[in-house]
K.L.:
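Here it is, the structure in full.
Throughout, protein chains are lettered first and strands after them, A, B, ... in sequence-line order, and every chain is numbered starting at 1. These numbers were taken from a predicted model, which means no experiment stands behind them.
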Amino acid sequence: MNWQAIKAIYVFEMSRTFRTLAQSIVSPVLSTVLYFVVFGAAIGGRIQSVEGISYGAFIVPGLIMLTLLQQSVTNASFGIYFPKFIGTIYELLSAPMSFIEIVIGYVGAAASKAIMIALIILATSTFFVDLQILHPVWMLGFLLLTAISFALLGFIIGIWAGSFEQLQLIPLLVITPLVFLGGSFYSISMLPEFWQGVTRLNPVLYLISGFRWAFFGVADVPVGLSIAAVSAFLVLCLGVIWLIFRTGWRIKP
Amino acid sequence: MAPIISIRNLGKTYAGGQVALDDVSLDIAEGEILALLGPNGAGKTTLISAVCGLVQPTSGVVTVAGHDIITDYRAARSQIGLVPQDISIEPFERVINTTRFSRGLFGKPRDDAHIEHVLKALSLWDKRNARNMELSGGMKRRVLIAKALAHEPRILFLDEPTAGVDVALRKDMWELVRQLRADGVTIILTTHYIEEAEEMADRIGIIDKGRLLLVEEKAKLIHQLGRKTLCLFLQEPLDKVPSALAEYALKLGEDGRTLIYEYDTKAERTGITRLLADLATAGLSVRDLETRQSSLEQIFLNLLEDAA
């Protein structure tokens, strides 16, 4: 294992994060505050509580997940797309490192940044609502597993993308709708039966449900199922990445 | 001594069926400067890319310092520094950080003394904290070289190092290459400037349409394939070449005072003695004479013509 190379990529990527720290943090924090104002204050005033939890607190795990997914996908896809775009990928390909090491470096940095921002949002939300975290270790576990899985997805998108438009396509068209429809702002028990069934097909539901369970001990789906779903997604992404590198798809002629 | 790079029957056919490399075999000795010469699209960059791991070869075997580039790629690649043809460089990063990054990628621990040495050798030390995008084109190219040298490679690939570079910088680059050779680094450079190959290389390989047409010591190549030109400067100007001298295919210079005779140095008889005798018979007196070795450029063009 070429640990020096992994470290070099990780440090290089994180230094970009810290160079653009203000914009990296300000915009997700601002949008979270807006969600709190709109959903918490305006709508939350009419919905007293969901499953015994104040509405303002109920949406916190969903909001954190929304940012975590967007951040991990965007960071990782941009992280590997940019060297491809400016041509510096030649250096990664000619270095004595395996593809696994390249993935660990980029995905590790993308997940780290996403978790950092998620924790900042968690801290911000304590200014608006009283929060309890029943299972802090599981909470961190879900953060970690989700961030890594979706950073892997982002990495795949970054390899696949042929333009900046394509790079933004998946987060915009797929991730955001799935998060909104995955029970970030409501419990699926509030939906008619038919739509409950449809929502169960949304993989993000299992993430948010499990994550919310770590906070409040309340879940839409059994927590074991949530863990299984995230793990399955992780394995799927790893499989795709393994295939990409084995065939040199979009990287090596 | 075993070659530091050994290429055997290397072939590369792209997905579209385009043959970029066709059965290339080549040995490169440690410490030499090899220039790969060829027109654009000849396969020079593909050859380098295949050795460095950027392109998957279709066939053939390449070893670097005895390590196979596929099965033992870590050991093989750690010997190599690559300076690509295009200036591909992280625009927002600082010079010293990009250079350190490259060292890390090659698995070497941080070594500020070595990075300082490399940046100083490339006159980049004063610019170490500048962002890459603030540098001039020539400086960026030097940053690429610094990156390639950051991990102390034994072999350096320079793909078109002086393309689009002004004359002064080109001279600097040549000086640098000589310096590196003196340090024991093996250098493989591609160029389509014949002047460059002639100036720097120990050996020259000529590539066209994916085939390695020949590899030869530079001096030998010029000698073996060279034709020489004999210029005879006459006392009195002529209107045309006398018909008595027709068999020599002489050309008359514009001023009418120079006769130009081309001959093959490899031929058994160069015909010079007879020409001089016939000149005297024709009543022409020679004031001075000069011979010129044909340049690599002519040799190169002749070879390409023969291959076509």
K.L.:
In the structure I gave you, are the side-chain heavy atoms of Thr88(A) and Ser88(B) within less than 4.5 Å of one another anywhere?
P.N.:
yes
K.L.:
Glu90(B) and Phe82(A): side-chain contact (heavy atoms from CB on, under 4.5 Å), yes or no, with the steps?
P.N.:
CA-CA 9 Å; Glu90(B) 163 75 50; Phe82(A) 197 55; 3.8 Å; yes
K.L.:
In terms of heavy-atom pairs under 4.5 Å, which option from Ile89(A), Val11(A), Ile9(A) contacts chain B the most?
P.N.:
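Of Ile89(A), Val11(A), Ile9(A), Ile9(A) has the most heavy-atom pairs under 4.5 Å with chain B.
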K.L.:
Tell me, do Ser15(A) and Phe101(B) make a side-chain contact under 4.5 Å, heavy atoms counted?
P.N.:
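Result no, sub-4.5 Å side-chain heavy-atom pair not found.
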K.L.:
If you measure from OH on Tyr90(A) to SG on Cys52(B), what distance do you get to the nearest 0.5 Å?
P.N.:
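Result: 10.0 Å between the selected atoms.
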K.L.:
Could you list which of residues 115-154 of chain B have a heavy atom closer than 4.5 Å to any heavy atom of chain A, in residue-number order?
P.N.:
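When heavy atoms of chain A are the reference, residues 115-154 of chain B contributes Arg131(B), Leu144(B), Lys147(B) within the under-4.5 Å range.
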K.L.:
Determine whether more than 12 heavy atoms belonging to other residues, nucleotides or ligands lie under 6.0 Å from atom CH2 of Trp138(A).
P.N.:
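12 or below, so no.
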K.L.:
Would a distance-only check, ignoring hydrogens and angles, find a side-chain to backbone donor-acceptor pair under 3.5 Å from Asn2(A) to Leu105(B)?
P.N.:
yes
K.L.:
Looking at Glu93(B) and Arg19(A), is any side-chain nitrogen of the basic one under 4.0 Å from a carboxylate oxygen of the acidic one?
P.N.:
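The answer is yes: the pair qualifies as a salt bridge.
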K.L.:
In the structure I gave you, are the side-chain heavy atoms of Arg100(B) and Phe12(A) within less than 4.5 Å of one another anywhere?
P.N.:
no
K.L.:
Output the residues of residues 92-121 of chain A for which the shortest heavy-atom distance to chain B is under 4.5 Å, in residue-number order; output 'none' if no such residue exists.
P.N.:
Leu92(A), Leu93(A), Ser94(A), Ala95(A), Pro96(A), Met97(A), Ser98(A), Glu101(A)
K.L.:
Supply the atom-to-atom distance Arg74(B) CZ to Met1(A) CE, rounded to the nearest 0.5 angstrom.
P.N.:
7.5 Å
